[in-house]
Amino acid sequence: MQKKKPVKKKSFPFKINTKEIMKKLKNIIKRIKRTKTFKYINKNKEMITNVILFSLPFIILNIVTRLFFLKKMKDIFYLPGVLFNLLWTLLFVGVSFNLKDKIGKIVYWVFLGLGMLMFLTNGIYFSLTKAFFDFSLVEMASEGSEYIVDTIKNANVLVYLSFIGVLIYSIYIFRKRYPKVETNNLKRIGIYLVIFTLVHVTIPVLYGRANTELTWDTWRNKRNIYNNFNDDIQGMKITDLYEYTFRNFYITFLKRKQTIDEKEIAFLEGVYQEENNKKHSNEYTNMFKGKNLIFLQLEGMDKWIVNEENTPNLYKLMNSSINFNNHYSFYNGGGSTFNSEFAINTGFITPFSYTRNAYTFNKNNFPYTMAKLFKNEGYAVNAYHMNSADYYSRGINYQNWGYDSYNGLKDLGTYTDNDHYLDTELINNEVFYESIFNKENKFVDYIITYSVHTPFTNTKGVCKKVIEKDSLDIKKNNIATTDDEIILSEEDCVKIQAKETDDMVGLLIQGLKDNGLYDNTVIVAYADHYLYTLTDQTILDKYKETSNNLINNTPLFIWSSNVKKLAVNKVTSQLNVLPTVLNLFGIDHNDNYYIGEDALDKSYEGIVFFPDYSWYNGSYYITSDTPIDEENTKLNELNSYVYYLTKKNDLTLKYDYFKKIKSAN
């Protein structure tokens, strides 16, 4: 047997002197230990450890907020955001650790309590709306008070787990390690505040220069985002939980009201100069001249819900109408229902560049609203809804827009069991029936439905009421059964609730026939927003695009008994409704007094823009992340056009500019 040759071990081309290396490392360590920095750290290692340990809850709350909701790593660890997080955290801990024992502890828990409260608030609100909490929503708190329990119950469970984890950790380290402080060190706190202020005003420099001119990309400039702070998602992306909270609070409540900006006034003067005033006519002008008009604003009636099975009455009307297939009722954040009311009635929308809710413009002058222009033609104009006049300050706003009355089922004082939540009550109620159908003159009715509203469960709310009212057999559709009850899916309840709205539409049509109004009435039907109130948003994935703002695709159609069926494929939004309707009815108006255009005019190319300044024209969906070649003239012009329209919208409202126009005329 042949012996194997021994394998030679490979040797390094140079010798490693381990002893020499270790000797050099020891010398380096000795030098480090002799530095002032090391001596300071070694001397104060207990204090530094405590700072780190007590800073962690603040840091974790911010990271978890960004991790759960922003998700992209570049947003989670965006440098200015990280710096803001460290700056606020060190201020909280630094101030607490330099106050006398009991006072310092209280201050620490006040800071941490506020941080945890804002974490929880943002987590719950984002779970429902896909937007971060804005302090301007405090004024609208009553609108969501009835549904707050359901919202809290259905929020992302990870929000609560994170909250509990941070709370347990904070209590543990607080009991074990909170440092004893004999006296208040106000001098050191003062130094911290000076350093904080200097660093705080320096960090925004990292965003770069703000755009001051009318350029198409101003809306995605990070310095502009920070200065205006009107976009909650972008605001959170470029800051942190605490800077977002304090800056949003400052912008909403503390920032001094701006004085008149001469450049902005000059812009408005250019927009509304007499040579820009225009009127148009086309083949659709006067099509419905002299007819009655009913606006049907359909709560949550997402496009996928409207079909022959779920909503046979709406489906029949839509398929014998002027049907706008590419319509978007975009969602602005809080109060999206009233945002659509505001747009349809005034031709303007909630501001993009500053924080202000639509219903707060009730003192502005709106001389060219839908109601006022129709009343000039001899129409009676009234609004009908289930809720009271003080909701969204509707009573004041509708009066300001020129309505003869706003009518709420709740204000009748006859409902004790919430039956007014049922849309069929808008017609079945004798008082409302008499008001809607017993007309001597031409009329415009603005009817706002409610029934497709959260919660979507058969254990309470509208779904439960409809099941009981119609004696529905739900056993075949149940997804779960307990000893006491059958549980339906949200999707099933949506369909049941949509059927309730559709039954109201059937009653409305029958009422028009019974009162001799059927052949002389036009119905403009549209959804106020897509069904963002679903707890299970994956339901939407089955029916529509959900990865971007095109999720806002909703129905819009204009019906009359003798209208010729027409499919309109141009992109539209709420802002197109008023100018389109005015032309169809031959109502004299100035096209320049609105943001949108007549969607049936041949010159209209079609576009919708969203609160984050992204836009869609049927061919391109452009966002702040979309790279656009400078030589692409068409897209750059459309970007500039969107910025122009949003600026026109915001400044007209900001300066109540129609007051000046009205005075001049």
Side-chain angles (χ1 to χ4, degrees), residues 280 282-285 287-288 291 293-308 311 313-331 336 339-341 343-345 347 349 370 446-449 498 501-502 505 521-531 543-545 549-585 587 591 594-610 615-621 645:
H280 79 283
N282 52 46
E283 60 185 298
Y284 299 99
T285 305
M287 176 181 280
F288 300 135
K291 288 197 172 191
L293 172 60
I294 294 177
F295 285 95
L296 267 183
Q297 181 168 302
L298 304 166
E299 166 68 35
M301 190 63 72
D302 214 330
K303 198 166 186 177
W304 59 272
I305 304 172
V306 181
N307 56 53
E308 195 168 9
T311 56
N313 293 303
L314 279 171
Y315 182 78
K316 182 179 179 181
L317 293 181
M318 187 171 70
N319 283 279
S320 56
S321 68
I322 302 173
N323 188 15
F324 297 83
N325 296 314
N326 222 347
H327 180 72
Y328 296 85
S329 296
F330 58 83
Y331 170 51
S336 57
N339 288 338
S340 286
E341 294 167 58
I344 302 300
N345 281 282
I349 198 73
M370 179 276 292
Y446 197 96
I447 300 175
I448 307 164
T449 70
T501 299
D502 190 69
V505 174
T521 300
V522 177
I523 295 176
V524 178
Y526 55 91
D528 56 349
H529 54 73
Y530 80 94
L531 207 57
Y543 299 107
K544 63 195 307 187
E545 168 65 63
N549 281 316
L550 300 187
I551 196 174
N552 291 280
N553 187 214
T554 52
L556 165 65
F557 62 86
I558 300 174
W559 173 89
S560 180
S561 64
N562 58 355
V563 73
K564 187 177 179 181
K565 181 178 178 180
L566 174 68
V568 179
N569 295 317
K570 293 178 182 179
V571 173
T572 59
S573 75
Q574 301 105 307
L575 294 168
N576 295 105
V577 175
L578 181 52
T580 303
V581 168
L582 291 176
N583 183 62
L584 285 167
F585 279 79
I587 304 294
D591 295 337
Y594 308 101
I595 301 301
E597 300 177 46
D598 176 5
L600 294 174
D601 195 78
K602 290 180 180 178
S603 66
Y604 176 65
E605 295 183 2
I607 195 166
V608 59
F609 44 87
F610 301 100
W615 56 265
Y616 178 60
N617 70 343
S619 299
Y620 298 98
Y621 176 70
L645 290 178

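- More than 12 heavy-atom neighbours from other residues, nucleotides or ligands sit within 6.0 angstrom of OH on Tyr543.
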Exercise. So Leu600 and Ile322, side-chain contact (heavy atoms from CB on, under 4.5 Å) or not? Walk me through it.
Worked result: CA-CA 10 Å; Leu600 294 174; Ile322 302 173; 4.1 Å; yes
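- Counting all heavy atoms, side chain and backbone alike, Val571 lies closest to Asn576 at O-OD1, 4.4 Å.
- More than 12 heavy atoms of other residues, nucleotides or ligands lie within 6.0 Å of NZ in Lys544, so this atom counts as buried by the packing criterion.
- In this pair, Phe288 and Phe585 present their aromatic rings tilted. The plane angle is within the 30 to 60° band.
- Heavy atoms only, all atoms of each residue included: Gly300 and Ile305 are closest at O-CD1, 3.6 Å.
- Closest approach of Pro555 to Asp302, counting heavy atoms only: CD-C, 4.1 Å.
- Residues Ala527 and Thr554 approach most closely at CB-CB, 3.8 Å, considering heavy atoms.
- Listed by chain and residue number, Arg394 satisfy the salt bridge (charged side-chain N to carboxylate O under 4.0 Å, His left out) test with Glu341 (two or more places apart in sequence, or in another chain).
- Residue Ser320 holds its OG atom at 12.5 Å from CG of Leu566, rounded to the nearest 0.5 Å.
- Side-chain atoms of Trp304 and Leu531, non-hydrogen and from C-beta on, do get closer than 4.5 Å to each other.
- Applying the side-chain contact (heavy atoms from CB on, under 4.5 Å) test to Thr521 and every residue at least two apart in sequence or in another chain returns Asn292, Ile294, Phe443, Leu512, Leu517.
- At least one donor-acceptor pair under 3.5 Å links the side chain of Asp502 to the backbone N or O of Leu314.
- Classified by interplanar angle (parallel below 30°, tilted 30° to 60°, perpendicular above 60°), the ring pair Tyr446/Phe295 is tilted.
- Atom CD1 in Ile344 sits 11.5 Å away from atom CG in Asn339 (nearest 0.5 Å).
- The side chain to side chain contact (heavy atoms under 4.5 Å, CB included) test with Phe324 is passed by exactly one of Val577, Val568, Asn569: Val568.
- Taking the side chain as every heavy atom from C-beta outward, Ile447 and Leu296 approach each other to under 4.5 Å.
- In this structure, Lys291 and Asn562 have side chains that are in contact, with non-hydrogen atoms separated by less than 4.5 Å.
- His327 pairs by the ring pair (Phe, Tyr, Trp, His ring centres under 6.0 Å) definition with nothing, not counting sequence neighbours.
- In the model, Ser321 has no side-chain atom that pairs as donor or acceptor with a side-chain atom of Asn323 under 3.5 Å.
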For this session: Could you go through the side-chain contact (heavy atoms from CB on, under 4.5 Å) check for Asp598 and His280 one step at a time?
Result: CA-CA 9 Å; Asp598 176 5; His280 79 283; 2.8 Å; yes
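- With 3.5 Å as the limit, one finds no donor-acceptor pair spanning the side chains of Asp601 and Asn583.
- Taken from OH in Tyr284 to NZ in Lys602, the straight-line distance is 8.0 Å, to the nearest 0.5 Å.
- Side-chain N or O atoms of Asp528 include none that pairs as donor or acceptor with a backbone N or O of Gln297 at under 3.5 Å.
- Smallest separation of non-hydrogen atoms from Ile349 and Ala343: CD1-CB, 3.6 Å.
- A distance of 7.5 Å separates CG of Leu578 from CE of Met370, quoted to the nearest 0.5 Å.
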Exercise. Does the side-chain contact (heavy atoms from CB on, under 4.5 Å) test come out yes or no for Phe609 and Ile595, once each step is laid out?
Worked result: CA-CA 11 Å; Phe609 44 87; Ile595 301 301; 4.0 Å; yes
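- Here the NZ atom belonging to Lys565 is positioned 5.0 Å from the CG atom belonging to Asn319, to the nearest 0.5 angstrom.
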For this session: Take Val524 and Ile558 through the test side-chain contact (heavy atoms from CB on, under 4.5 Å) and record every step on the way to the result.
Result: CA-CA 4 Å; Val524 178; Ile558 300 174; 4.1 Å; yes
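- In this structure, a donor-acceptor pair under 3.5 Å is present between the side chains of Tyr621 and Asn549.
- Contact detail for Leu298 and Ala525: the closest heavy-atom pair is CD1-CB, 4.3 Å.
- Expressed to the nearest 0.5 Å, how far NE2 of His529 lies from OG of Ser329 amounts to 9.0 Å.
- Applying the 6.0 Å contact sphere to CD of Glu605 captures no more than 12 heavy atoms from other residues, nucleotides or ligands.
- Under a 3.5 Å cut-off, the side chain of Ser560 and the backbone N or O of Val522 do not form any donor-acceptor pair.
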